[in-house]
Protein chains: 2
Amino acid sequence: MKDVAALAGVSVGTVSNVLNQPDRVLESTRQRVEDAIRKLGWIRNESARQLRAGRSESVGIVVMDVANPYFVDLLLAAEETFYDRGYTVNLGNSDQHREREALLMRHFMRSRVDGVLLAPIGNSSGVTDELLRAGIPVVLLDRVSGTGLCSVGMDDIEGGRLAVHHLLEQGHKRIAFVGGPLGLAQVRDRARGARLAVANSGAHLDVVEVKTLDVEEGRKAAQHIARSDRGIRPTAVFAANDLIAIGMLQGFVAEGLSVPDDVAIIGYDDIDFAAAAAVPLSSIRQPRYEMGRCAAELLLKEITAAESGDEHQHEPVSFSPELVARISTLRTS
Amino acid sequence: MKDVAALAGVSVGTVSNVLNQPDRVLESTRQRVEDAIRKLGWIRNESARQLRAGRSESVGIVVMDVANPYFVDLLLAAEETFYDRGYTVNLGNSDQHREREALLMRHFMRSRVDGVLLAPIGNSSGVTDELLRAGIPVVLLDRVSGTGLCSVGMDDIEGGRLAVHHLLEQGHKRIAFVGGPLGLAQVRDRARGARLAVANSGAHLDVVEVKTLDVEEGRKAAQHIARSDRGIRPTAVFAANDLIAIGMLQGFVAEGLSVPDDVAIIGYDDIDFAAAAAVPLSSIRQPRYEMGRCAAELLLKEITAAESGDEHQHEPVSFSPELVARISTLRTS
DNA sequence: TTGAAAGCGCTAACAC
DNA sequence: GTGTTAGCGCTTTCAA
């Protein structure tokens with residue numbers, strides 16, 4: 001910046017003004033300074049700016065799995081909202097590892113981001129506490145929180161109920177819930193919803209736990225189920241997410257079972273690949289775009305409040321799930 | 001930091017040493033300082049550290065589409081490599097927008113990252129030039145570059161040739177290439193490979209351009225092709241990527257055509273969803289993991305060279321494509 | 001409208 | 001081993 005000032009024949013203060021208060025400076029000098037910047041190819045040092053100015057105008061977003069289109073959609077919606085408001089967005093992927101989640105959070109704290117949007121792995125209180133103590137607002141995504149935080153999530157119990165209720169309506173008496181690990185709140189809630197739907201219906205619910213929520217695990221689970229005894233084998237499956245459902249669809253086909261005639265499948269999230277599957281998958285829609293956008297807006301509101309010292313009421317927002325019935329659960333007969 | 005020093009009864013210099021040169025400091029004082037840090041919940045200011053120390057130990061990665069699993073895999077592989085070497089990784093998603101790509105690059109320059117890994121949109125010379133002038137190493141990913149840059153890509157002409165050669169072997173005489181925009185080098189190269197394969201084979205190649213490389217566009221293209229005249233309709237399709245291929249698969253099924261009996265489909269990238277499709281898709285495999293890893297290592301090498309002032313020879317690395325034949329191109333008869 | 005100067009929080013060289 | 005101190009590159013008063 002010194003060099004720019006020298007070349008333009010002004011002081012560093014004026015160069016700074018050209019950047020931050022362009023109207024405080026004479027048109028002609030502004031011109032000269034901008035020429036100098038261009039000629040020297042000078043790029044302002046963000047660390048120095050941030051250190052002195054004390055604000056970063058940036059936020060962090062951490063999702064637990066960028067390989068899952070569901071999280072990508074949340075991410076994109078939130079990102080766009082921040083972009084529109086002029087914030088710089090730092091993306092982080094915890095990739096289902098708790099240590100990495102913690103690492104990312106610490107990194108954002110050190111970078112003094114204005115706020116963090118977190119789609120957490122399991123119970124994340126330990127991670128968020130540090131942020132909050134440091135006065136950095138945190139909004140939870142994909143999880144409704146009762147504690148002192150804003151959060152945007154879905155009623156997964158209701159979602160699970162909806163999915164299994166739909167299967168019952170199609171006449172199924174033996175249903176399997178496939179998901180895991182059961183340590184994940186989302187998975188647990190969806191299972192609980194499934195159990196609620198089944199209660200007093202006369203139908204039976206098996207719970208099949210898988211290690212992770214991805215396609216490969218779904219395929220394995222399908223193989224396992226397909227090879228079980230005819231008498232015990234469920235006629236319908238509720239998969240904890242669409243990746244599992246897609247894997248199971250392929251697994252069943254590979255085992256010679258037809259979907260939905262031999263086995264019906266319903267997934268969860270309604271990612272684009274669900275509708276695009278060769279047997280279009282029924283699913284429980286999460287309004288991903290609205291959720292991502294809403295979370296971003298909550299965070300922005302909280303940041304604004306924090307900066308102006310205003311009072312802020314944390315609010316947990318819960319979206320409603322919606323059944324999307326496609327061929328994979330609709331009997332052709 | 002001042003507060004920490006005061007509480008621990010030492011100087012700020014000692015606190016700094018505890019963080020950066022732990023063995024220069026007495027075990028007992030280290031203990032005291034660490035206690036003070038914990039008690040105060042102090043978190044070091046990264047901007048200040050970076051400004052003073054002059055190094056960031058961080059890199060930026062920009063991909064053109066996080067919604068495409070292919071790029072996600074490249075990303076994950078590269079990310080892991082950097083993590084292993086202790087680098088902080090900043091993720092960026094240009095989302096197919098050139099302005100956003102430029103924005104991200106400028107952001108990384110201002111943040112003084114040590115290097116940038118870029119999976120660019122189209123021709124990116126303008127964007128990278130600025131970085132290079134600032135002395136920040138850039139490695140191109142998913143693109144082989146002849147210019148003064150390291151790059152990791154694939155021989156897409158060969159990949160296209162391979163795909164169409166496979167279709168010819170299956171006896172197809174009328175083949176469609178579906179991809180776009182043709183402005184993308186990858187798409188152009190794959191099309192050129194297709195043309196090479198067809199040349200002098202007696203077969204015919206149609207080129208169908210689509211707007212973007214996603215599932216929805218594939219579905220539309222399939223509908224269009226399915227409804228064309230029986231005599232003109234291609235019996236096989238080479239899709240420029242797997243998203244298009246997946247969309248086309250669904251589109252054909254929706255139009256009552258069977259894959260592969262009525263139309264064969266081969267995709268490109270071999271993303272996990274390709275094998276998981278209900279009609280498992282043939283594809284051209286890109287060694288994503290190796291490519292991501294290799295690009296990261298090239299960048300690290302260049303960063304090291306830049307820091308020590310050593311000479312650095314740019315090298316364009318090109319991986320070889322591999323045919324993965326699955327049911328979608330194998331005649332059942 | 002512009003310049004001079006203080007100082008953001010930290011690191012690293014040097015002195016003790 | 002530990003303290004003192006200069007200064008990284010910028011923003012932001014305050015004076016001129």
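What's counted below: heavy atoms across the whole structure, side chains too, no hydrogens, waters or symmetry copies. Lettering follows sequence order; numbering is per chain, from 1.
When distances are taken from the side chain of V25(A) to each of dT2(C), dA12(C), dG3(C), the shortest belongs to dT2(C).
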Could you walk me through whether L76(A) and V72(A) satisfy the side-chain contact (heavy atoms from CB on, under 4.5 Å) test, starting with their C-alpha distance in whole Å, then the side-chain angles of each, then the deciding distance to 0.1 Å, before giving a yes or no? CA-CA 6 Å; L76(A) 291 177; V72(A) 172; 3.9 Å; yes

CA sep, side-chain torsions, deciding dist, call: Y87(A), L300(A), side-chain contact (heavy atoms from CB on, under 4.5 Å): CA-CA 10 Å; Y87(A) 275 78; L300(A) 286 167; 3.5 Å; yes

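Between R55(B) and dA12(C) there is a side-chain polar atom (N or O) within less than 4.0 angstrom of OP1 or OP2. Between dT11(C) and R44(B), a contact under 4.0 Å exists linking OP1 or OP2 to a side-chain N or O. Contact annotation: T14(A) reaches the phosphate of dG3(C) (side-chain N/O to OP1 or OP2, under 4.0 Å).
At its two ends the helix from dT1(C)-dA16(D) to dC16(C)-dG1(D) runs along axes set 30° apart, each axis drawn from five pairs and the angle rounded to 10°.
L51(A) comes within contact range of at least one nucleobase, with a heavy-atom separation under 4.0 Å. The residue T29(A) sits close only to the backbone: its heavy atoms come under 4.0 Å of sugar-phosphate atoms, none of a base. At the heavy-atom level, R49(A) lies under 4.0 Å from the strands shown only through sugar-phosphate atoms. Within 4.0 Å (heavy atoms only), G13(A) reaches at least one base atom of the nucleic acid.
One can place CD of E27(A) at 14 Å from C1' of dT1(C), the figure rounded to the nearest angstrom. Between the CG atom of L19(B) and the P atom of dT11(C) there is a distance of 6 Å, given to the nearest Å. The CZ atom of R32(A) sits 11 Å away from the C1' atom of dT2(C) (whole-angstrom rounding). Here the C1' atom of nucleotide dA4(C) and the NZ atom of K2(A) are 15 Å apart, to the nearest Å.
If you walk DNA chain D from 5' to 3' and mark each nucleotide with an atom closer than 4.0 Å to a heavy atom of chain A, the marks span dG9(D) to dT12(D).
Figure legend: R288(A) and Y70(A) shown without cation-pi pairing, the cationic atom not lying both under 6.0 angstrom from the six-membered ring centre and within 45 degrees of its axis.
Nearest-nucleotide mapping onto DNA chain D: of R52(B) and N17(A), the residue sitting toward the 5' end is R52(B). With the nearest nucleotide of DNA chain D identified for both V10(B) and R112(B), V10(B) has the one nearer the 5' end.
By the 4.5 Å heavy-atom criterion applied to side chains, L75(A) and L91(A) are counted as neighbours. Counting heavy atoms from C-beta on, the side chains of P120(A) and M64(A) never come closer than 4.5 Å. Looking at heavy atoms from C-beta onward, Y83(B) lies in side-chain contact with L103(A) at the 4.5 angstrom threshold.
S151(B) approaches R143(B) most closely through the heavy-atom pair CB-O, 3.2 Å.
A donor-acceptor contact under 3.5 angstrom links the side chains of Q286(B) and D269(B), judged on distance only.
Other residues, nucleotides and ligands contribute only 12 or fewer heavy atoms inside 6.0 Å of the CD atom of Q313(A).
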